[in-house]
2 protein chains.
Amino acid sequence: MRTLSENKSHGGIQGVHAHASEACKCDMTFGLFLPEEAKEGPVPVLWVLSGLTCTHENAMTKAGAQAWAAEQGIALVFPDTSPRGEDVADDDAFDMGQGAGFYVDADQDPWAPHFRMWTYITEELPALLAEHFPLDMDRQAITGHSMGGHGALTLAMKLPGRFRSVSAFAPICNPTESAWGRRQFEGYLGSVEAGRAHDATLLMQEHGFDGPVLIDTGTKDQFTEHLGTAAFARAMVGRGQRGVLRMQPGYDHSYFFVASFMEEHVSFHGEALWG
Amino acid sequence: MRTLSENKSHGGIQGVHAHASEACKCDMTFGLFLPEEAKEGPVPVLWVLSGLTCTHENAMTKAGAQAWAAEQGIALVFPDTSPRGEDVADDDAFDMGQGAGFYVDADQDPWAPHFRMWTYITEELPALLAEHFPLDMDRQAITGHSMGGHGALTLAMKLPGRFRSVSAFAPICNPTESAWGRRQFEGYLGSVEAGRAHDATLLMQEHGFDGPVLIDTGTKDQFTEHLGTAAFARAMVGRGQRGVLRMQPGYDHSYFFVASFMEEHVSFHGEALWG
């Protein structure tokens with residue numbers, strides 16, 4: 001692992017690190033914010049999964065999360081959204097291939113050799129973080145935006161006991177019924193049917209989450225039809241899931257929306273992580 | 001004037017607008033954040049001037065200023081840092097030409113036809129803003145980063161009565177003695193001597209500022225030698241200027257530094273604007 005940059009930020013350190021990934025068979029880059037408290041000992045971790053077209057950098061520079069993580073004394077991890085490189089398969093569309101890993105392990109060509117984001121995010125990167133940084137891996141929480149919201153919700157529900165809380169900003173939450181999901185599941189997994197194991201609405205119906213859930217989505221989100229928010233809401237209510245889903249009037253899908261509610265999301269996770 | 005985008009942000013609206021500039025003889029773009037209170041009537045304005053290589057967008061997306069401006073009920077203006085376009089002179093260096101207007105009116109070729117950022121920022125843009133938006137132009141304050149800190153300090157001191165408070169992040173504050181200043185004054189104004197009228201340290205010695213000043217600069221700023229912070233500090237103290245200059249331990253020149261102290265800068269201006 002090598003450190004690409006370190007900048008002091010809100011009393012802590014915003015680092016960017018790269019490493020050769022075994023899961024993705026390419027170099028992967030991630031951002032890690034460590035609050036000042038990490039100098040004294042391990043701190044809890046909030047995963048921040050990003051959306052289509054994003055790298056590790058977008059949420060790290062545009063979401064304003066460090067201010068609130070510093071206040072809560074928790075670390076932030078900003079992983080990349082897919083494998084990268086000339087040898088890695090890609091697609092002309094922005095929502096397939098590089099920048100669009102969808103947090104699944106592909107088993108179809110040409111994606112199978114590198115597109116193993118599920119394994120990367122759930123196994124390889126946590127192990128690397130635990131080895132190299134003062135993180136309390138018994139206190140993890142997860143959030144994400146758009147495709148990253150899909151990632152956050154599916155990881156939280158498929159890995160019971162791993163995360164104490166889950167939140168999402170404008171998550172893709174019923175991808176088997178959406179253009180943002182069906183094409184990707186067909187491409188990466190061979191069928192939409194195979195993607196059912198990675199559909200937050202179906203997971204909510206079957207498993208739910210053993211902890212608090214917080215979802216914010218804007219009423220002016222330009223991708224409303226791709227998100228499946230209503231189906232997820234129905235599943236949450238149907239299950240009696242502990243959680244809050246808020247439709248935020250006038251907000252769209254952008255980082256201006258994300259930044260507007262980041263304080264409340266980080267506080268929400270802080271409460272679960274320190275409680 | 002045309003609106004390029006509007007995103008709801010922290011209860012207000014982050015807009016991006018473009019217009020044909022008479023001063024710069026090209027299209028100019030700026031960001032304007034209006035807090036929710038602007039729906040009810042005119043709100044105070046904080047100008048945010050950006051540094052080398054920046055457009056209107058960098059501070060608007062990376063500084064996290066909207067959160068605090070919303071709290072204070074004040075607007076934020078994010079102007080571009082130079083004229084732009086194929087017809088506009090440029091230089092291969094990042095610190096000269098497009099993206100490096102230095103907030104002066106050039107009178108030397110090839111810069112003179114378009115590089116009139118002083119007139120643009122002090123006359124044309126304020127008039128345009130006053131005409132089109134609910135802004136209380138009797139309540140203005142100004143801040144900036146790096147070259148934008150130079151702009152903020154020089155505007156504040158050269159336009160007595162215009163701004164109630166001035167702050168800066170890692171400002172270039174003695175440009176007649178710096179590689180970030182001497183070359184630009186020679187190019188734009190014909191000589192370093194001509195740039196003396198735009199040197200914050202000299203202006204502090206001669207005029208000072210009739211209001212509070214707040215400066216933050218990082219002790220790990222990688223451009224320390226270009227900033228002239230010590231000379232400016234001496235001038236502030238020598239004059240008995242009301243103000244605070246803080247050396248922030250471990251911080252560098254990046255937006256991670258700027259974002260870390262934006263809350264305090266916006267609060268500082270809010271106090272002056274609402275006081």
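Protein chains get the first letters and strands the later ones, always in sequence-line order, with residue 1 at the start of each.
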The interface call for A:M262 against chain B, heavy-atom contacts under 4.5 Å, is neither

Q: Report, as yes or no, whether the 6.0 Å neighbourhood of atom CD on B:E271 holds more than 12 heavy atoms from other residues, nucleotides or ligands.
A: no

Residues B:S260 and A:H10: closest non-hydrogen pair is OG-N, 2.6 Å

Of A:A67, A:P249, A:G218, A:G64, the largest count of non-hydrogen pairs under 4.5 angstrom with chain B goes to A:P249

Okay, A:Y251 and chain B: the region with an atom under 4.5 Å from a heavy atom over there is both

| Residue B:R234 excluded, over 12 heavy atoms near CZ under 6.0 Å | no

Honestly, the part of A:Q66 sitting under 4.5 Å from a heavy atom of chain B is side chain

Applying a strict 4.5 Å limit to non-hydrogen atoms, the region of A:S254 in contact with chain B is side chain

Ordered numerically, the heavy-atom neighbours of chain A under 4.5 Å found in residues 2-9 of chain B are B:E6, B:N7, B:K8, B:S9

- Message: Would you say CD of A:E36 has more than 12 non-hydrogen atoms from neighbouring residues, nucleotides or ligands within 6.0 angstrom?
- Response: no

